[in-house]
Amino acid sequence: MIVETEAYDGPNDPASHAATLRGPTKRNAVMFGPAGFSYVYRIYGMHWCMNVVTGPEGDAGAVLLRGLHAMEGQEVMKQRRGCEPLSTGPGRLCEALGITGELYGHDLREEPLRLQAGWAVAHDMVGISTRIGVSAAADWPYRFYVLGASGVSRHPGPTKPSATATEGSQE
DNA sequence: ACTCCGATTGTT
DNA sequence: ACAATCGGAGTA
């Protein structure tokens, strides 16, 4: 169950891998395609991160998967990870699920990796904060997470005091 | 061809 | 606070 995500709004978003580019590159090409496909990329030369492409074709929107609450398969996940936590954070999440670059552009309606509808989450259970690890558009409140859920990388929000962004404390 | 640095994680 | 580690993107 996905409990933490971050939104990236393509060319409109300075923090997106599709920002400021005239068009698709080899890496971000899948984001310009239809929704429901996976955008997997390598970060810091060692970790994989996965996005779900969103929006109509040509929009290059994507949602980064940052936190997962395992409901089953913990044993396999633990075997892949080798240690805890299992799927807290985008890199760990991919390692726990065995997601690699081979799944770039994968149709998430098909095996071996499918995205299925979960349960509605009440508004007062959704925390909002700035995105983690991004320097551009650092004040955009595009991170969403389930309050108190296990699998969320960080509950408080931004490390910096800023607090200009909407926090999960209210609403 | 060359340099810079990142949507991270784990250790010091 | 800092290292690990490498390919994408920008510059020459």
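Naming: A, B, ... by sequence-line order, numbering from 1 per chain. As the structure is a prediction and not an experimental result, all values here were calculated from the model. Because only heavy atoms are used, hydrogens play no part in the values below, and waters and symmetry mates are left out as well, while side chains stay in.
- Rounded to whole angstrom, the span from the CG atom of A:L93 across to the C1' atom of B:dA7 amounts to 13 Å.
- A:R92 has its CZ atom 18 Å from the P atom of B:dA7, to the nearest Å.
- Expressed to the nearest 0.5 Å, how far CD1 of A:I132 lies from CD of A:E6 amounts to 6.0 Å.
- Taking the nucleotide of DNA chain B with the nearest heavy atom to each of A:V134 and A:R81, the more 5' of the two is matched to A:V134.
- Close to C:dA9, at under 4.0 Å from its OP1 or OP2, lies a side-chain N or O of A:T25.
- Straight-line distance from the CD1 atom of A:I132 to the P atom of B:dT9: 9 Å, rounded to whole Å.
- Across all strands shown, C:dT5 has no partner, as no Watson-Crick or G-U wobble contact with both distances under 3.5 Å is found.
- A:Y41 has its ring centre less than 6.0 Å from the ring centre of A:Y39.
- A close approach under 4.0 Å does not occur between any side-chain nitrogen or oxygen of A:H17 and OP1 or OP2 of C:dG8.
- For A:H17 and A:Y8, the distance between ring centers is not under 6.0 angstrom.
- One atom, CG of A:N28, and another, P of B:dG6, lie 18 Å apart when rounded to the nearest Å.
- Listed nucleotides: B:dA7, B:dG10, C:dG8. Nearest to the side chain of A:C83: B:dG10.
- In this entry the distance linking CD of A:E4 with C1' of B:dA7 reads 11 Å, nearest Å.
- Residues of residues 35-59 of chain A having a heavy atom closer than 4.0 Å to DNA chain C, listed by number: A:Y44, A:G45, A:M46.
- Between the side chains of A:S38 and A:H106, no donor-acceptor pair is found at a separation under 3.5 Å.
- Within 4.0 Å (heavy atoms only), A:R131 reaches no atom of the nucleic acid at all.
- Separation of atoms CZ (A:R80) and CG (A:L86) is listed at 11.0 Å; rounding is to 0.5 Å.
- We find that CZ of A:R143 is positioned 11 Å from P of B:dT8, with the value rounded to whole Å.
- B:dA7 makes up no base pair with any nucleotide shown, lacking Watson-Crick or G-U wobble contacts both under 3.5 Å.
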